[in-house]
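To start, the structure under review is shown below, and the notes come after it.
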Amino acid sequence: MLAPGLPEVEAHPSHGILATLTPVSDHDLGWLDDLNPSQREAVTHGGGPLLVIAGAGTGKTRTLASRVAYLISQGIPPDRLLLLTFTRRAAEEMLSRAGGVVRHLGPIRERVWGGTFHATANRLLRTYAAVVGLSPEFTVLDQGDAESLMGLLRHDLGLSSRDKRFPRKSTCLAVYSRTVNGSEGLSEVLERCFPWVAGWEEELKPLFRKYVERKQKLNVLDFDDLLLYWKEILSHSDLARQLSGMFDHILVDEYQDTNRVQALILRGMRTGNDNVTVVGDDAQSVYSFRAATVRNILDFPQEFPGTRIVTLEENYRSTMPVLTTANEVIAQARERYTKNLWSNRAGGPRPSLVTCPDEASQDVHVISRVLALYEQGIALRRQAVLFRAAHHSASLEVELARREIPFHKYGGLRFLETAHIKDALAFLRVAENPRDELAWFRVLHLFDGVGPATVSRALAYMAEQIYDPRSIASFPGPSAAHDGFARLGRLFTEISEGLPVPAQVERVRRFYEPHVEKLYDYPRARVRDLESLEQIASGYRSRRSFLADLQLDPPNSTGDLAGAPHKDDDWLVLSTIHSAKGCEWDAVYLIHAADGFLPSDLSTGSRDEIEEELRLTYVALTRAKTHLTVIWPLRYHYRRRELADAHGYAQLCRFFTEDVRATMEQSAAPPLQPVADLETKIEGDHRLDLAQRARAMWE
DNA sequence: ACTAATGTCCTTTTT
DNA sequence: GGACATTAGT
């Protein structure tokens with residue numbers, strides 16, 4: 001979380017704050033002149049509900065940051081503002097911008113409550129845990145942990161035998177999560193969103209019941225629980241008034257991507273006053289798989305009567321040619337509330353649509369365009385390659401690595417999801433919450449001769465020892481692990497003795513390193529990762545906040561961690577479209593713009609799903625400031641074992657209709673020179689006998 | 001009781 | 001190429 005230390009919690013009547021404040025001089029508010037009239041209207045709105053419909057690139061971040069600054073300049077104490085954003089990064093950026101504007105009023109970034117719904121829930125629940133029957137040292141399960149738990153119970157209930165073909169654990173969790181977040185009945189969710197598992201309703205119910213029971217027993221919360229418990233607290237009117245009273249204003253970004261539970265939380269958090277600002281764009285709603293619903297933004301004026309609506313339409317990001325293409329794409333949406341975007345940047349190149357013979361040529365083509373713009377002075381960091389699914393960049397990554405072009409990838413598998421990091425964190429989680437069986441499971445599994453049966457006996461033993469992690473030393477486990485358990489007990493003794501967090505991580509690393517070397521083929525990189533973890537830990541004073549932060553606001557790029565030591569480096573951005581939300585680049589390359597990739601063939605079942613893929617495409621296009629390239633390979637190779645060299649032909653993404661194409665420069669990239677041709681040019685004498693050299697290494 | 005090897009099915013987006 | 005159940009081996 002951004003603001004350390006909880007402010008005192010007490011009921012606080014806060015109506016009419018603005019009216020009672022002394023007016024400030026015009027001089028202090030001179031910065032408002034930099035805003036356009038609509039932005040200024042939003043920023044200087046007094047109290048009461050405000051809905052800002054902000055199209056892509058219309059200065060949404062600036063407006064929200066300015067509003068925070070404005071409210072503070074009007075005398076609202078920063079710690080009585082709550083800014084809910086989609087990511088931690090977004091909150092940080094807005095608060096540092098706001099801080100820059102009202103610098104004379106002191107630091108605000110550390111004082112404003114800012115972060116995601118989930119992180120804020122975590123923070124509030126540490127105080128209000130008792131109310132919902134939790135102890136405050138609860139640990140948070142990330143998606144992987146939650147899936148593991150689901151998998152365990154799935155097995156326990158005898159649902160896992162092959163002939164049953166019961167949905168896999170990740171699907172079970174997805175169904176559960178969707179049901180919880182949408183505040184809907186299981187049958188409706190199954191029918192509408194998971195028709196292929198609808199036959200398992202009678203088995204899923206007891207599975208979910210067990211899942212809920214077990215989480216409570218282990219004193220752990222999953223992501224959904226964070227929201228659910230927050231909502232639950234707010235259903236008590238006294239508590240709702242108390243929590244609501246902590247804040248004079250609440251501001252929510254990306255409101256189109258919030259779900260039903262989040263809307264209920266927002267309503268509950270405004271029982272004392274209705275000073276609430278939400279910002280969003282229904283044309284950019286792309287999280288319905290997480291139960292987000294555009295209804296939240298559409299129904300906001302009914303939910304908060306007297307809402308003032310401000311619409312931002314002038315785009316400051318992109319050139320008119322880019323916007324023309326983007327507008328033409330979103331024009332295909334069935335229903336839409338935001339208007340077409342316009343910009344006074346009339347010039348610039350038309351977006352290009354490039355057909356490549358195959359994937360390899362797509363990679364080469366992207367790279368050569370990137371380098372050409374780089375030569376013209378556009379740094380790599382100001383260029384981004386976007387794609388629908390994380391693995392779509394796989395071959396490009398290989399090619400970039402081969403040419404030693406640095407890149408950071410956003411989305412997909414993250415640092416924290418790698419096994420060695422999860423293992424290391426599991427030690428700390430056990431120390432923090434010894435009832436967290438999932439963490440115990442990971443830790444104990446590392447020792448020789450320990451499998452599921454031993455773990456389960458060990459857990460029973462721990463329960464007898466009133467969950468003192470140090471007592472693992474006296475557990476009579478398999479003889480092979482005897483010595484290891486004794487050392488593990490000593491490790492827990494050490495890290496429970498009030499060591500600083502980085503020192504704790506260091507002890508864990510020392511303990512765990514030999515296991516890394518035994519478990520993995522290339523341990524060096526993984527050990528380096530553990531050292532990075534130590535770096536991260538140095539910013540934390542308590543183990544609890546370190547763990548919670550890592551689960552809730554994980555570093556979200558492959559390069560974020562390595563980034564610190566060589567900050568000046570330049571790198572190309574690779575990102576899923578989802579992770580690109582809210583970002584902008586001078587040049588954007590949308591790759592794999594072929595049907596089946598975009599829209600994903602898993603999302604073409606219903607009109608609503610296709611509609612969301614359309615919005616996703618729109619989001620991708622509107623990230624570009626000046627240079628926009630859409631690429632698709634004509635031919636794909638199948639990687640099937642039986643069919644060694646099979647291939648198929650793709651079709652252009654269906655959203656690039658004739659009308660859209662008319663706004664673009666169309667071209668076809670030439671095929672790459674076949675490798676066979678290169679080979680024949682090499683004279684026999686210069687061929688390297690690799691096989692011989694490989695043998696020679698061992699002679 | 002645990003590990004390693006084998007076979008089969010599915011393969012998205014994220015807090 | 002990964003996840004997961006099953007089977008054979010230590």
Side-chain angles (χ1 to χ4, degrees), chain A residues 84-91 115-122 140-144 146-148 151 154-155 159-171 173-174 177-178 180-181 196 221-227 254 257-259 261-262 285-292 386-392 394 410-414 416-417 444-445 447-457 477-481 519 548-554 556 575-581 592 596-605 609 612-613 615-617 619-620 638-641:
Chain A
L84 293 165
T85 56
F86 206 69
T87 61
R88 169 210 194 86
R89 247 188 340 179
T116 60
F117 270 89
H118 292 87
T120 307
N122 172 62
V140 176
L141 301 184
D142 65 15
Q143 182 172 313
E147 284 175 356
S148 306
R154 179 174 172 275
H155 188 77
L159 298 166
S160 62
S161 69
R162 177 86 72 85
D163 49 327
K164 282 212 172 75
R165 293 191 178 210
F166 191 72
R168 45 164 58 186
K169 63 187 181 187
S170 55
T171 310
L173 184 70
S177 181
R178 182 72 196 243
V180 167
N181 280 303
W196 65 95
L221 267 66
D222 64 18
F223 285 139
D224 304 328
D225 288 331
L226 289 167
L227 299 183
E254 308 279 11
D257 285 322
T258 55
N259 62 38
V261 174
Q262 288 167 313
S285 147
V286 291
Y287 277 87
S288 71
F289 69 93
R290 248 169 68 180
L386 305 183
F387 35 85
R388 174 65 175 85
H391 67 265
H392 289 170
Y410 294 82
L413 186 76
R414 275 167 247 153
L416 268 123
E417 286 157 17
L444 297 179
H445 226 91
F447 296 90
D448 281 339
V450 176
T454 311
V455 171
S456 124
R457 275 188 291 115
S479 52
L519 253 45
D549 251 24
L550 282 183
Q551 303 276 23
L552 295 166
D553 292 302
N556 53 6
S575 175
T576 59
I577 304 174
H578 282 91
S579 293
K581 195 169 80 156
H592 286 297
F597 289 75
L598 181 71
S600 163
D601 48 14
L602 298 164
S603 297
T604 48
E609 285 177 302
E612 179 148 318
E613 298 284 308
R615 293 191 296 265
L616 201 52
T617 307
V619 168
Y638 295 131
R639 288 175 194 82
R640 285 245 194 83
R641 253 170 302 159

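Scope of the values below: all heavy atoms of this structure, side chains included, with no hydrogens, waters or symmetry mates. Here is the naming used below: chain letters follow the sequence lines, and residue numbers restart at 1 for every chain.
The side chain of A/Arg165 sits closest to B/dC10 out of B/dT15, B/dC10, B/dC2. Side chain of A/Thr454, nearest nucleotide from C/dA3, B/dA1, B/dT15: B/dA1. The nucleotide whose nearest atom lies closest to any side-chain atom of A/Thr576 is, among B/dT13, B/dA1, C/dA3, B/dT13.
Contact annotation: A/Ser579 side-chain N/O to B/dT14 OP1/OP2 distance is under 4.0 Å. Side-chain nitrogen and oxygen atoms of A/Arg154 include at least one within less than 4.0 Å of the OP1 or OP2 phosphate oxygen of C/dA5. For C/dA3, neither phosphate oxygen OP1 nor OP2 lies less than 4.0 angstrom from any side-chain nitrogen or oxygen of A/Lys169.
Rounded to whole Å, the distance from CG on A/Asp448 to P on B/dT3 is 8 Å. Straight-line distance from the CZ atom of A/Phe223 to the C1' atom of B/dT14: 9 Å, rounded to whole Å. We find that NE2 of A/His391 is positioned 7 Å from P of B/dT13, with the value rounded to whole Å. Rounded to a whole Å, the CZ atom of A/Arg168 is 17 Å from the P atom of B/dT8. Taking atom CG of A/Leu550 as the reference point, atom P of B/dT15 lies 14 Å away to the nearest angstrom. A/Asn181 has its CG atom 16 Å from the P atom of B/dT14, to the nearest Å. Here B/dT13 presents its C1' atom at 14 Å from CG of A/Asp601, a figure rounded to the nearest Å. Look at CG on A/Leu602: it is 11 Å from C1' on B/dT13, rounded to the nearest Å.
Ion pairing of A/Asp549 with A/Arg88 is present here, as a side-chain N (NZ or NE/NH1/NH2) and a carboxylate O approach within less than 4.0 Å. Note on A/Arg388 versus A/Glu613: salt bridge recorded, some NZ/NE/NH1/NH2 to OD/OE distance being below 4.0 Å.
In this structure, A/His592 and A/His392 have tilted ring planes: the angle between them lies in the 30° to 60° band.
Separation of the P atoms belonging to C/dC4 and B/dT13 is 16 Å when rounded to the nearest angstrom.
A distance cut-off of 5.5 Å between ring centres, combined with a plane angle under 30°, leaves A/Tyr287 outside any stacking arrangement with the base of B/dT13.
Each of A/Val450 and A/Ala389 was matched to the nucleotide of DNA chain B holding its nearest heavy atom; the match closer to the 5' end belongs to A/Val450. Nearer to the 5' terminus of DNA chain B, by closest-nucleotide assignment, is the contact made by A/Gly451 (compared with the other of A/Phe117 and A/Gly451).
A/Gln143 comes within 4.0 angstrom of a base, heavy atoms only.
Evaluation of atom-type donor-acceptor distances gives a pair under 3.5 Å for the side chain of A/Ser603 against the base of B/dT12.
Using a 4.5 Å heavy-atom threshold, the side chains of A/Val140 and A/Phe223 count as touching.
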Kindly indicate, with the supporting measurements, whether the criterion salt bridge (Lys or Arg N to Asp or Glu O under 4.0 Å) is fulfilled by A/Arg290 and A/Asp257. CA-CA 9 Å; A/Arg290 248 169 68 180; A/Asp257 285 322; over 6 Å; no
